[in-house]
Amino acid sequence: MRPDGPGTERFTIEAEAIVFGYDNTRASLRVRRRPTGWRVGGAARTLAAFLVLAPVAALVPPHAPWALGALGLGGILARRRWLERFTLEGVQGQCPKCGAPLKVKASRLRLPHPVACEGCHHQTALRFRAEALQGG
C-alpha cells in the first residue's frame, strides 16, 4: 500500500483479476477513503432531496405509490452513500481471459469487486485482502 501524498485520502492496493478457468493476473487499484463527514453529508442531502420530491410526486395519480416510491428510493440511495467507506477510482491491470486493459468508473469498492471486461465482455473479479484497506 502506497499513499499518494501527505494528508490525502487516496492510496493504492495490489489485487488479482480473476476469471474462472484462466490464470489470474495482477492489478493495482486506486482507492479513496471516504471520511464519515462525506458519507453523512451525502446521505443527508440525498434523503433531503427525496423528502422534497415525495410531495411533488404525490400530485401525480395514483398519488400514494409515487410518494412512497420516492421515499423508498431516497432511503436506498442514502443508505448506499452511507455505506461507501471506500471508492474505487481506477485500476491498472489486464483481463485474465483476453489481455485487454481493465477499466472502471468510480464506484463503491466491494470485496471482491466485479468488473466487466470491455474486450471479451466477461465478468472479472478483482480480489484483494481486506486488511490492505485498514492501513491506507
Quick one: CG on Leu109 to CG on Leu29, what's the gap to the nearest 0.5 Å? 7.0 Å
Could you tell me whether Arg81 sits above the aromatic face of Trp38, with NZ or CZ closer than 6.0 angstrom to the six-membered ring centre and within 45 degrees of the axis? yes
Any residue meeting side-chain contact (heavy atoms from CB on, under 4.5 Å) with Trp82, in chain and number order, not counting sequence neighbours: Thr36, Arg39, Val40, Ala43
Do any side-chain atoms of residues 86-104 form donor-acceptor pairs under 3.5 angstrom with protein atoms, and if so which ones, sequence neighbours left out?
unit_1 : atom_1 : unit_2 : atom_2 : d
Thr87  : OG1    : Arg34  : NE     : 2.9
Thr87  : OG1    : Glu84  : OE2    : 2.4
Glu89  : OE1    : Arg10  : NE     : 3.0
Lys97  : NZ     : His122 : ND1    : 3.4

Between Leu111 and Val115, is there shared hydrophobic-cluster membership here, with clusters defined by ILVMFWY side-chain heavy atoms closer than 4.5 Å? yes
Rounded to the nearest 0.5 Å, what separates atom CZ in Phe128 from atom CG in Leu133? 5.0 Å
Applying salt bridge (charged side-chain N to carboxylate O under 4.0 Å, His left out) to Arg32 and Glu9, what does each step give before you reach the verdict? CA-CA 6 Å; Arg32 175 182 253 185; Glu9 298 287 348; over 6 Å; no
Of all residues at least two apart in sequence or in a different chain, which pass the side-chain contact (heavy atoms from CB on, under 4.5 Å) check with Arg26? none
Correct closest heavy-atom pair for Gln123 and Pro114 would be NE2-CB, 2.7 Å
Rounded to the nearest 0.5 Å, what separates atom CG in Asp23 from atom CD in Glu16? 10.5 Å
When you measure from the side chain of His63 to the backbone N and O of Ala58, does any donor-acceptor pair fall under 3.5 Å? yes
Hits for side-chain contact (heavy atoms from CB on, under 4.5 Å) against Leu77, two or more places apart or cross-chain, chain-then-number order -> Thr46, Phe50, Leu73, Arg80
Check which hydrophobic residues are tied to Val60 through side-chain heavy-atom contacts below 4.5 Å, counting indirect links as well, and list them. Trp66
Can you sort out the partners of Ala54 under side-chain contact (heavy atoms from CB on, under 4.5 Å), two or more places apart, ordered by chain and number? Ala70, Leu71
Is there a side-chain contact between Val31 and Arg33 (heavy atoms, below 4.5 Å)? no
Can you find a heavy atom in the side chain of Ile18 that is under 4.5 Å from one in the side chain of Thr124? no
